[in-house]
Amino acid sequence: MINIVLFGPPGAGKGTQAEHLKEKYNLKHISTGDLFRYNIKNQTELGLLAKSYIDKGALVPDEVTIKMLNAKVEQHLESKGFIFDGFPRTEAQAVSLNELMASKNSQINAMIALEVDDEILVNRLLKRGKTSGRKDDANEDIIRNRIKVYYNETEVLKEFYKKENKYYGVDGVGSISEITDRISKVIDTL
Ligand code: AMP
């Protein structure tokens with residue numbers, strides 16, 4: 001298996017890149033944000049719980065998020081590997097993901113972090129908000145809060161994966177295909 005954590009702040013392009021990479025490398029793309037939005041749309045108990053956090057741009061509690069992620073991985077053990085998009089976002093999630101992978105006799109091979117300046121992120125998300133229908137993309141204060149949450153709670157995971165020699169930074173500004181090429185260069189060395 002090849003398992004990749006696609007990392008970066010909101011608006012860095014993780015989802016867009018994952019869509020291309022999953023085809024190219026035949027991997028299963030798991031986006032915790034998409035899973036939450038699916039649950040919200042279908043008004044499940046999980047969706048109702050998650051919505052209050054997501055609408056504010058805050059993180060959904062670890063316990064809930066980890067349980068959802070684990071269940072999704074269990075459903076796709078036949079796949080050649082996973083692209084994790086938007087997970088992990090806290091150290092507890094990263095530890096849990098390592099344990100999950102180890103229990104499958106596998107591991108995370110790389111964290112690939114897309115680097116994009118904050119003002120570009122805000123502009124990209126405001127633009128996306130015009131068509132995404134996402135409440136958390138529609139309001140600049142919420143967007144800035146999501147970026148703040150990333151720096152306060154999530155960015156520290158770069159150190160977590162650096163310690164494991166699995167961190168790769170990639171310039172996240174350019175055309176979609178340029179960025180896919182940059183990420184592919186990393187994956188091809190794994
Ligand atoms: P995303 O689609 O990755 O931008 O995620 C949208 C929102 O879903 C985030 O702002 C969080 O509220 C929630 N969310 C997604 N992934 C996670 C996670 N790994 N941990 C906690 N909350 C998450």
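Just follow the structure's listing: the first ligand is 1, and inside any ligand the first atom is 1. Nothing fancy with the numbering, it's 1 onward along the sequence.
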With K28 via side chain to side chain donor-acceptor pair (under 3.5 Å) - residues at least two apart: none
Within a reach of under 6.0 Å around NZ of K24, are more than 12 heavy atoms found that belong to other residues, nucleotides or ligands? yes
Could you check whether K162 makes a cation-pi contact with F160, meaning its NZ or CZ is under 6.0 Å from the centre of the six-membered ring and within 45° of the ring axis? no
Name all pairs fulfilling the ring pair (Phe, Tyr, Trp, His ring centres under 6.0 Å) condition that reach into residues 88-121, sequence neighbours left out, sorted by first residue then second. none
Just to verify, what does N165 make a side chain to side chain donor-acceptor pair (under 3.5 Å) with, not counting sequence neighbours? none
Using the ring of each side chain (for Trp, its six-membered ring), is F87 parallel, tilted or perpendicular to F84, with breaks at 30° and 60°? tilted
Collect the protein residues that have a non-hydrogen atom under 4.0 Å from ligand 1 and hand them over in chain and number order. T32, G33, F36, R37, I54, A58, L59, V60, T65, G86, F87, R89, Q93, R134, D136, R146
